[in-house]
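Reading through the structure tokens given below for one structure.
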Amino acid sequence: MNLHHAVEITLTRPATHAELAHTARTLPLAANHNATRLMALVHAKTPGRALHRVRRRLGEAPPVDAITTHYPDSSGHVLLTVTLPPDAGTAIRRAAACAGQTPSLFVQKALHRALAQHVEEEAGLLDGAVQRLLATTTASQLLAAVGRGLTPTPGAPSC
């Protein structure tokens, strides 16, 4: 069964009008305000095939940084495809072989580790900021300030 998949294309620089016009002839898409992100609706059996189809249709123009599925799948995952320089691909294949893994699994695990480390670092920064705030105020004052920050201001636009 073929489905439509929302695909987001992140560019390394804003696309020119000519690049957008050329790309739109092979792949209908919408651009954000500064033409650095594009969206396409792609007909394919799987999200992976949708990303492959987009990569193939885009060719060399516009300058693509990454292509992702826009919505998570049923497991909560978003697929990502990037084009790496040949040296990076060689290094990944070599490191994956040393680890006894496929290059895809090696990259997936490395990304999971990097994201987990990032989450841990962000939590540490937040904990440090809270501790600095608590050094100069009471917990109840801090909670009240957080509540005010999370409460919509009348007349302000809602998300």
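Under a 3.5 Å cut-off, the side chain of Thr137 and the backbone N or O of Leu134 do not form any donor-acceptor pair. Not one N or O on the side chain of Asp65 forms a donor-acceptor pair closer than 3.5 Å with the backbone of Thr10. Of the possible donor and acceptor atoms, none in the side chain of Arg49 sits under 3.5 Å from a partner among the backbone N and O of Lys45. No side-chain donor-acceptor contact under 3.5 Å links Asp87 to the backbone of Ala91. A donor-acceptor pair is defined here as one N or O able to donate and one able to accept, closer than 3.5 Å; no such pair exists between the side chain of His5 and the backbone of Thr69.
With Val54 as reference, Ile9 is the one residue of Leu29, Ile9, Thr81, Leu38 to meet the side-chain contact (heavy atoms from CB on, under 4.5 Å) rule.
Rounding to the nearest 0.5 Å places CG of Leu27 at 11.0 Å from CZ of Arg56. To the nearest 0.5 Å, atoms CZ (Arg37) and OG1 (Thr68) are separated by 8.5 Å. Atom-to-atom distance recorded for Arg53:CZ and Leu58:CG is 13.0 Å, nearest 0.5 angstrom. Note that OG1 of Thr102 is 9.5 Å distant from NZ of Lys109, once rounded to the nearest 0.5 Å.
Cluster annotation: Val130 and Leu150 are assigned to the same hydrophobic cluster (Ile/Leu/Val/Met/Phe/Trp/Tyr, side-chain heavy-atom contacts under 4.5 Å, transitive). At a threshold of 4.5 Å between side-chain heavy atoms, the hydrophobic network of Ile, Leu, Val, Met, Phe, Trp and Tyr places Leu111 and Leu105 in two separate groups. Cluster membership for Val107 and Leu84, using ILVMFWY side-chain heavy atoms within less than 4.5 angstrom, is shared. Leu3 and Val7 are members of different hydrophobic clusters when ILVMFWY side chains are connected at heavy-atom separations under 4.5 Å.
Side-chain contact between Arg13 and Glu19 is present, with heavy atoms from C-beta onward closer than 4.5 Å. By the 4.5 Å heavy-atom criterion applied to side chains, Ile92 and Thr90 are not counted as neighbours. Val64 is listed as a side-chain neighbour of Leu11, based on a closest heavy-atom distance under 4.5 Å. A heavy-atom distance below 4.5 Å is not found between the side chains of Glu120 and Gln117. Residues Val82 and Leu80 have side chains in contact (heavy-atom distance under 4.5 Å, counting atoms from C-beta outward). Side-chain contact between Arg148 and Thr151 is absent, with no heavy atoms from C-beta onward closer than 4.5 Å.
Between Thr36 and Asn34, the shortest heavy-atom distance links the atoms OG1-OD1, 2.7 Å. Closest heavy-atom contact between Ala40 and Pro28: CB-O, 3.8 Å. Taking all atoms of both residues into account, the shortest heavy-atom contact from Ala44 to Ala50 is CB-N, 3.6 Å.
Between Thr138 and Ser140, the side chains place a donor N or O and an acceptor N or O closer than 3.5 Å (distance only, hydrogens not considered). No side-chain donor from either of Arg57 and Thr23 sits under 3.5 Å from a side-chain acceptor of the other.
Within the structure, ring pair (Phe, Tyr, Trp, His ring centres under 6.0 Å) pairs that include any residue of residues 31-74 comprise His4-His43 (at least two apart or interchain).
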